[in-house]
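Only heavy atoms go into these numbers, but all of them, side chains included; no hydrogens, no water, no symmetry mates. One-based numbering, in listed order, for ligands and for the atoms of each.
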Amino acid sequence: MSAQPAGQKLYEGKAKILYTTDDPNILLTRFKDDATAFNAQKRGSIIGKGEMNCAISTHLFQMLEGQGVKTHFIDRPSANEMRVKSVQIVPLEVVVRNIAAGSLCQQTGIELGTVLPQPLVEFYYKNDALGDPLLTPDRLLLMALATPAQVSYLQTMALQINRILTDFFDHCGITLVDFKLEFGLMPDGTLLLADEISPDTCRLWNQAETDPDRRVMDKDRFRRDLGAVEDAYRQVLERVLAQSVQL
Ligand code: UDP
């Protein structure tokens, strides 16, 4: 149930629906239980995911705001809904990696689990039809997806957010392997952290487990049919909540 009547549906994505509200500067995001992977070739549902991801994202956005990171987050009017500032989403997926996994391993041959000498920031073009390709900085500028100043700001923000999140998750007994960020432009040109930060968009490994499959606490459990997906998301939520109380 929604805490407030949603306005018009603006956009429905794979994991969230965006609605207008009475205030043109504010949008309502409803988090769904639907899960997709491999550019929506694999589809399913993770029961309770909408509420869990909304709660996890809320706590992480609030924690980041507390440490000086500007985000689109306003509040959470109901369990699976977030009110956010209306921004123009920059069509880039900014990925930060601390440990090799996923496409980095597939494309470079670097072994899964290799600790990177320093965090790697990558830009992908948010375009389903093209399969979200990895961009070189020059291609990004060629396509005018961002200005040089914006690229450098995104890089700095991504690394700052990585430092804060890595430290936070470490206190939760979780290793932040990699994650994806999206940013949005305010009418005055300010860039805000947008979208969500959740087990759908991060690779999270349980530090109490050494087994490469058992340690997975994120969407890889769904992608790779590892089972107990809901339990893993619930564990992340419980640890994030416990750690947020201590802050
Ligand atoms: N990611 C995401 N959305 C995407 C692609 C990637 O949230 O459309 C996240 C993914 O969950 C992982 C990180 O970005 O935490 C790096 O993903 P990778 O490039 O390894 O791609 P994947 O293995 O997911 O295809």
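Leu154 pairs with exactly one of Leu193, Leu159, Leu191, Val121 by the side chain to side chain contact (heavy atoms under 4.5 Å, CB included) rule, that one being Leu191.
Among pairs with a residue in residues 179-191, those fulfilling side chain to side chain donor-acceptor pair (under 3.5 Å) read Lys126-Glu182, Lys180-Glu182, Lys180-Asp195, Asp188-Thr190, at least two apart in sequence or across chains. Listed by first and then second residue, the side chain to side chain donor-acceptor pair (under 3.5 Å) pairs that reach into residues 165-175 are Asn162-Thr166, Asp170-Gln207, Thr175-Gln207, sequence neighbours excluded.
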Between Gln150 and Phe183, does the side-chain contact (heavy atoms from CB on, under 4.5 Å) criterion hold? Intermediate values first, please. CA-CA 11 Å; Gln150 285 172 336; Phe183 291 83; over 6 Å; no
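For ligand 1, the 4.0 Å heavy-atom shell takes in Glu93, Val95, Arg97, Ala101, Gly102, Ser103, Tyr124, Asp132, Asp178, Phe179, Lys180, Asp200, Thr201, Cys202, Arg203, Arg223, ordered by chain and residue number.
In this structure, the side-chain contact (heavy atoms from CB on, under 4.5 Å) partners of Ile164, at least two apart in sequence or on a different chain, are Met63, Leu64, Gln67, Val69, Gln160.
A donor-acceptor pair shorter than 3.5 Å cannot be found between the side chains of Gln106 and Ser103.
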